[in-house]
Student: 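Have a look at the structure that comes next, please.
The figures here come from the full heavy-atom set of this structure, side chains too, leaving out hydrogens, waters and symmetry mates.
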Amino acid sequence: QVQLVESGGGLVQPGGSLRLSCAASGSIFSIYAMGWYRQAPGKQRELVAGITSGGTTNYADSVKGRFTISRDNAKNTVYLQMNSLKPEDTAVYYCNAEAVVTTLKEGHDYWGQGTQVTVSS
């Protein structure tokens, strides 16, 4: 099994910054990709940013130029640097990993518990 633990959420004013972290642990054979999703009240969960083990990134149009995703493969950790935050960024942010556990040879999706990000003045 793979466990994902997010940290770094909180309350920030518009224009401010936050840095989210997600550490994966467990019987990990490999992680193909990690990413961040978010879900605001009354809305569906959406992809914010993703990164492959090779470093290829993709972002939602709404966060391009403001958010940066990065990872430390040796630590199985992914980060999301969020700058120029807007009220519409308010949501629960979830870490996701596409991983293969040591007892299996196919990938599965794993999710963290979520961390609240609130952007408000």
Student: Set out, in order, the CA-CA distance, both residues' side-chain angles and the distance that settles side chain to side chain donor-acceptor pair (under 3.5 Å) for Glu46 and Gln39, then state yes or no.
Tutor: CA-CA 6 Å; Glu46 64 174 348; Gln39 187 167 23; over 6 Å; no

Student: So do the side chains of Tyr93 and Gln116 get within less than 4.5 Å of each other, counting heavy atoms only?
Tutor: no

Student: Taking the ring centre of each residue, are Phe67 and Trp36 less than 6.0 Å apart?
Tutor: no

Student: More than 12 non-hydrogen atoms from neighbouring residues, nucleotides or ligands closer than 6.0 Å to CD on Gln44, yes or no?
Tutor: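 Count not over threshold, so no.
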
Student: Quick one: are Arg71 and Ile31 in side-chain contact, heavy atoms under 4.5 Å?
Tutor: yes

Student: With the side chain counted from C-beta on, respond yes when Val12 and Thr118 share a heavy-atom pair under 4.5 Å apart, and no when they do not.
Tutor: no

Student: Can you check whether Tyr110 reaches Val101 side chain to side chain, under 4.5 Å on heavy atoms?
Tutor: yes

Student: Step by step, would you call Tyr59 with Thr68 a side-chain contact (heavy atoms from CB on, under 4.5 Å)?
Tutor: CA-CA 8 Å; Tyr59 297 90; Thr68 302; 3.9 Å; yes

Student: State, yes or no, whether a side-chain contact exists between Val63 and Arg38 at a heavy-atom distance under 4.5 Å.
Tutor: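 Yes. Closest side-chain heavy atoms under 4.5 Å.
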
Student: Taking the basic N atoms (NZ, or NE/NH1/NH2) and the acidic carboxylate oxygens, is any pair closer than 4.0 Å for Lys64 and Asp61?
Tutor: yes

Student: Spell out, yes or no, whether Leu4 and Val92 are grouped together once hydrophobic residues are joined by side-chain heavy atoms under 4.5 Å, including indirect joins.
Tutor: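 No: no chain of side-chain contacts under 4.5 Å links Leu4 to Val92.
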
Student: Is there a side-chain contact between Glu106 and Val100 in this structure, where contact means two heavy atoms from C-beta onward sitting under 4.5 Å apart?
Tutor: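 Answer no - side chains too far apart.
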
Student: Give a yes or no on whether Val78 and Trp111 share a hydrophobic cluster (residues Ile, Leu, Val, Met, Phe, Trp, Tyr; joining criterion: side-chain heavy atoms under 4.5 Å apart).
Tutor: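 They do not share one cluster, since no chain of ILVMFWY contacts under 4.5 Å joins Val78 to Trp111.
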
Student: What distance separates Met34 CE from Glu98 CD, expressed to the nearest 0.5 Å?
Tutor: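 That separation rounds to 10.5 Å.
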
Student: How long is the span from the CG atom in Asn76 to the CD atom in Gln3, to the nearest 0.5 Å?
Tutor: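 CD of Gln3 is found 11.5 Å from CG of Asn76.
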
Student: Is the backbone N or O of Lys75 less than 3.5 Å from a side-chain atom of Thr77, with the two atoms forming a donor-acceptor pair by type?
Tutor: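 Yes, because the side chain of Thr77 sits within donor-acceptor range (under 3.5 Å) of the backbone of Lys75.
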
Student: Measure the OG-CG distance between Ser121 and Leu11 for me, rounded to the nearest 0.5 Å.
Tutor: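 With rounding to 0.5 Å, OG (Ser121) is 10.0 Å from CG (Leu11).
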
Student: Is Ile51 linked to Val2 within one hydrophobic cluster, defined over Ile, Leu, Val, Met, Phe, Trp and Tyr using a side-chain heavy-atom separation of less than 4.5 Å?
Tutor: yes

Student: So how far is it from His108 NE2 to Tyr32 OH, rounded to the nearest 0.5 Å?
Tutor: 10.0 Å

Student: For Tyr94, does the six-membered ring have the charged nitrogen or CZ of Arg45 within the cation-pi criterion, i.e. under 6.0 angstrom from the centroid and within 45° of the normal?
Tutor: yes

Student: List the atom pairs, with distances to 0.1 Å, where a side-chain N or O of residues 13-27 and a protein N or O form a donor-acceptor pair under 3.5 Å, not counting sequence neighbours.
Tutor:
residue: Ser17; atom: OG; partner: Asn83; partner atom: OD1; Å: 2.8

Student: Just verifying a value: how many Å separate Gln81 CD and Ile69 CD1, rounded to the nearest 0.5 Å?
Tutor: 12.0 Å

Student: Using a 4.5 Å cut-off on heavy atoms from C-beta on, say whether the side chain of Val119 contacts that of Val117.
Tutor: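 They are in contact (side-chain heavy atoms under 4.5 Å apart), so the answer is yes.
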
Student: Can a donor-acceptor pair be found, under 3.5 Å and without considering hydrogens, that links the side chain of Thr115 to the backbone of Ser7?
Tutor: no

Student: Answer yes or no: is there a side-chain heavy-atom contact under 4.5 Å between Val48 and Leu80?
Tutor: yes

